[in-house]
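All chains are named by letter (A, B, ...) in the order of the sequence lines, taking the proteins before the strands, and each is independently numbered beginning at 1.
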Amino acid sequence: GAVVSQHPSRVICKSGTSVKIECRSLDFQATTMFWYRQFPKQSLMLMATSNEGSKATYEQGVEKDKFLINHASLTLSTLTVTSAHPEDSSFYICSARVRGYEQYFGPGTRLTVT
Amino acid sequence: ELKVEQNPLFLSMQEGKNYTIYCNYSTTSDRLYWYRQDPGKSLESLFVLLSNGAVKQEGRLMASLDTKARLSTLHITAAVHDLSATYFCAVGDSGGGADGLTFGKGTHLIIQP
């Protein structure tokens, strides 16, 4: 089946630093990947849509200069949280669209900003 | 703006009982998803429903879709402890699967022996 991986699974960083999260499709090519954020005990919120070879599309209220998304190949999308602050601490999950309607989610990255 | 409402948000039930989780959405959609999330984990895909009247079953879980009522249900039959988790419904808001999903708030399900 379709497998999506994320790296790292957990990261702790200091306030003001930047963190890069990778999302890979392991056994398929994904022209479109999505990035979601989930705060504790809350639902998932779509942050942005990442399209291979083009600029990402951000949801309303998501700062594109803070959350940099790059989709340089058909198997890799990266999310960089720039100048992270404690309020950016969250569970970041990517997904990839497979075979039309199917979407498979990565295992998530737990970011803690101290 | 697409809105997705789930209820109940919290459900505690005994093993062996039946129950239904409801998912209402506000605008026309061509796809409805159900996911399971265990604590600290990502999402596990349960069902994708694409047409009016669609019904899918896997073990003790059955999902259905009524696009006219903009309502999906997730029915649990003879619940067992292993089904304890948070269940999310999610809706795509444009054709062809191009856009990301809008999620409900989730139903935190606890099944007690």
Please tell me whether A:V11 and A:L79 are part of a single hydrophobic cluster in this structure, the criterion being side-chain heavy atoms less than 4.5 Å apart.
yes
For B:S42 and A:F105 the tightest heavy-atom approach is OG-CB, 3.7 Å
In terms of heavy-atom pairs under 4.5 Å, which option from A:F91, A:W35, A:Y36 contacts chain B the most?
A:Y36
Sort A:L44 into side chain, backbone, both or neither according to what part of it lies under 4.5 angstrom from a heavy atom of chain B.
both
For A:I12, is the CD1 atom crowded, meaning more than 12 foreign heavy atoms sit under 6.0 Å from it?
no
Can you find a heavy atom in the side chain of A:E102 that is under 4.5 Å from one in the side chain of B:R31?
no
Table please: side-chain donor-acceptor pairs of residues 43-54 of chain B below 3.5 Å, with sequence neighbours left out.
from, atom 1, to, atom 2, distance (Å)
B:N52, OD1, B:T67, N, 2.8
B:N52, OD1, B:T67, OG1, 3.2

Heavy-atom contacts under 4.5 Å, residues 7-23 of chain B to chain A
none
Report yes or no: do B:L65 and B:W34 belong to one cluster of Ile/Leu/Val/Met/Phe/Trp/Tyr joined by side chain heavy-atom distances under 4.5 Å?
yes
Answer with yes or no whether the hydrophobic clustering places A:V19 together with A:F67; edges join I, L, V, M, F, W, Y residues whose side-chain heavy atoms lie under 4.5 Å apart.
yes
By number, which residues in residues 76-86 of chain B have some heavy atom less than 4.5 Å away from chain A?
none
Answer with side chain, backbone, both or neither: which region of B:Q6 has an atom nearer than 4.5 Å to a non-hydrogen atom of chain A?
neither
Determine, using the 4.5 Å side-chain heavy-atom cutoff (strictly less than), whether A:I21 and A:M47 are members of one ILVMFWY cluster.
yes
Would A:Y92 and A:V113 show up in the same hydrophobic cluster when neighbours are defined by side-chain heavy atoms closer than 4.5 Å?
yes
Show the nearest heavy-atom pair for residues A:S43 and B:F103, with the distance to one decimal.
OG-CB, 3.2 Å
Contact list (residues 104-113 of chain B to chain A, heavy-atom gap under 4.5 Å, by number) returns B:G104, B:K105
To the nearest 0.5 Å, what is the distance between OG on A:S95 and OH on B:Y35?
7.0 Å
Has A:E87 got more than 12 heavy atoms of other residues, nucleotides or ligands less than 6.0 Å from its CD?
yes
Chain B contact via A:Q38 - side chain, backbone, both or neither, heavy atoms under 4.5 Å:
side chain
